[in-house]
There are 2 protein chains.
Amino acid sequence: MCELLGMSANVPTDICFSFTGFLHRGGGTGPHRDGWGIAFYEAGGYRDFRDPHPSVDSPIARLIRDYPIKSHIVISHIRQANVGQVRLTNTHPFTREMWGQPWCYAHNGQLEGWEALPLSFYRPVGGTDSEHAFCWLMGELRRAFPEPPADRRRLWSLLHRLCERLRGLGVFNLLLADGEYLYTYCTTKLAHITRRAPFGQASLSDAELAVNFAEHTTPDDVVSVIATEPLTDNEDWVRMEPGELLVWRDGEIRGRYKT
Amino acid sequence: MCELLGMSANVPTDICFSFTGFLHRGGGTGPHRDGWGIAFYEAGGYRDFRDPHPSVDSPIARLIRDYPIKSHIVISHIRQANVGQVRLTNTHPFTREMWGQPWCYAHNGQLEGWEALPLSFYRPVGGTDSEHAFCWLMGELRRAFPEPPADRRRLWSLLHRLCERLRGLGVFNLLLADGEYLYTYCTTKLAHITRRAPFGQASLSDAELAVNFAEHTTPDDVVSVIATEPLTDNEDWVRMEPGELLVWRDGEIRGRYKT
């Protein structure tokens with residue numbers, strides 16, 4: 001099983017603390033040695049860093065841990081390969097442009113019968129069930145909405161129905177973002193926490209590191225972190241329900257869809 | 001004026017030597033302080049690193065200089081902004097997926113009347129003439145060839161005609177790649193060199209660094225480097241002609257189109 005990490009914040013925020021704990025699962029405390037990747041949305045721009053090598057050994061991962069890139073949405077993924085070889089082309093997150101927005105996607109789980117999902121605008125570059133499902137999902141959204149709908153909730157509602165169809169094919173835990181919103185969908189495992197004033201101290205479950213967020217924040221900051229498993233052991237994470245889609249913006253939940 | 005750097009090789013090759021000289025132009029010996037980026041094609045996969053900060057100050061650029069990523073195609077760009085703000089979203093190279101291939105593009109020059117180029121499948125995320133021209137170019141290729149043509153030369157010929165149209169709008173020096181081929185098109189400035197056995201020594205024009213390629217290669221290696229200006233001062237670089245398109249694969253020129 002792969003591991004997912006996401007962030008939504010109302011101010012540009014670095015993910016160094018959470019990423020440090022997350023990294024340890026990439027061949028350190030966890031079995032996920034088959035590559036990793038992380039994507040940042042910064043000031044309207046997008047970039048990702050991907051490496052097919054274990055994250056604990058990766059000089060690129062060390063750079064990301066030590067070089068604070070401040071962004072308002074982050075998506076990260078550590079891979080344990082099931083479908084598709086260990087190679088760069090199969091390393092999450094995946095990205096495609098739609099409506100002039102860079103969409104970014106990472107998936108945890110395994111699907112059956114994914115080859116039959118029909119493709120239209122977007123085609124996979126690699127050989128994973130995950131990227132195929134992403135291309136199908138994006139193609140279905142684009143077919144339904146050649147232009148972004150004025151009422152966002154129409155898009156979110158369709159996204160939820162598409163996620164439900166993928167859940168019918170197996171395990172589909174999802175992080176998806178369009179630069180403004182972060183979408184998280186749960187089949188089996190996703191947990192989230194929202195940090196806001198008064199900020200306290202947090203300590204990582206996977207590494208000996210604690211941080212006092214009060215020293216790094218202003219009273220108006222709202223920062224939410226979403227992960228496969230809670231990353232800290234002294235905070236109350238909320239576990240998502242199977243079939244639940246949450247829509248995040250600026251660290252807050254803006255939409256919630258259930259089975 | 002921005003600077004371009006490309007590589008085509010028949011074996012996975014790192015670009016550390018050329019990139020070291022190129023980096024110095026990013027705010028060191030050159031005036032190009034408005035961001036930089038580099039893209040690698042490795043074993044069928046694609047990744048790029050982009051930074052809106054000057055390359056001489058960039059920890060990401062230092063990583064790329066010191067961490068040999070071996071690939072068979074590289075495209076790199078250092079930006080001096082003319083159209084579009086200095087921000088990540090306007091930082092080359094740009095990428096889009098077509099036919100299940102990751103296409104990568106970097107442009108040097110400035111265009112007039114680019115806003116009128118009609119868009120179809122692909123839309124720009126940022127505000128540059130460069131990305132708009134890229135989206136137009138890719139859209140025209142995809143409209144002409146919904147599937148990749150069996151005869152590659154039909155694609156190359158159309159690409160040359162499209163480049164000629166862009167040259168009609170101003171300065172359009174281009175590096176473009178699809179993972180198998182590297183395309184270079186010249187309006188004003190592009191020079192190339194092909195290194196093969198017997199390999200000799202090369203010394204950078206922009207930094208005090210020399211390398212003896214014989215120590216790093218096998219007799220069958222063929223490595224071509226393409227840049228806005230020659231990067232070494234003791235080798236014979238070939239300058240491209242205005243209106244010339246070269247198609248590279250495995251370090252060799254496979255197609256040549258002229259005005």
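Residue numbers start from 1 in every chain, and the chains themselves are labelled A, B, ... in the order their sequence lines are given, proteins ahead of strands.
Interface residue A/Ile60: backbone and side-chain heavy atoms are both found under 4.5 Å from chain B. Only the side chain of A/Phe49 comes within less than 4.5 Å of a heavy atom of chain B; its backbone N, CA, C and O stay farther away. Looking at B/Arg142, the atoms closer than 4.5 Å to chain A (heavy atoms on both sides) all sit in the side chain, from C-beta outward. Of the two parts of B/Phe121, the backbone and the side chain both hold a non-hydrogen atom closer than 4.5 Å to a non-hydrogen atom of chain A. Using a 4.5 Å cut-off between heavy atoms, A/Pro59 contacts chain B through both its backbone and its side chain.
Most heavy-atom pairs under 4.5 Å with chain A, from the set B/Asp66, B/Asp51, B/Leu119: that is B/Asp51.
The aromatic ring centroids of A/Tyr181 and A/Trp156 lie less than 6.0 Å from each other.
Ring pair A/Tyr105/A/Phe134 is parallel by interplanar angle, where below 30° counts as parallel and above 60° as perpendicular. Ring pair A/Trp99/A/Phe145 is perpendicular by interplanar angle, where above 60° counts as perpendicular and below 30° as parallel.
Remark: A/Glu42 engages A/Arg47 in a salt bridge, criterion side-chain N to carboxylate O under 4.0 Å.
For the residue pair B/Glu112 / B/Trp114, no side-chain donor-acceptor distance below 3.5 Å is found, with atom types taken as modelled. No hydrogens or angles considered: nothing links the side chains of A/Asn10 and A/Asp250 as a donor-acceptor pair under 3.5 Å.
For A/Glu180, the salt bridge (charged side-chain N to carboxylate O under 4.0 Å, His left out) criterion is met by A/Arg152, A/Arg249, not counting sequence neighbours.
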Side-chain polar contacts of residues 14-23 of chain B - donor-acceptor pairs under 3.5 angstrom, sequence neighbours left out - could you list them?
residue, atom, partner, partner atom, Å
B/Asp14, OD1, B/Cys16, N, 2.9
B/Thr20, OG1, B/Cys16, O, 2.7

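Applying the salt bridge (charged side-chain N to carboxylate O under 4.0 Å, His left out) definition to pairs two or more places apart or across chains, those involving residues 115-126 of chain A are A/Arg123-B/Glu147.
Among residues 90-97 of chain A, the residues having any heavy atom closer than 4.5 Å to a heavy atom of chain B are, in sequence order, A/Arg96, A/Glu97.
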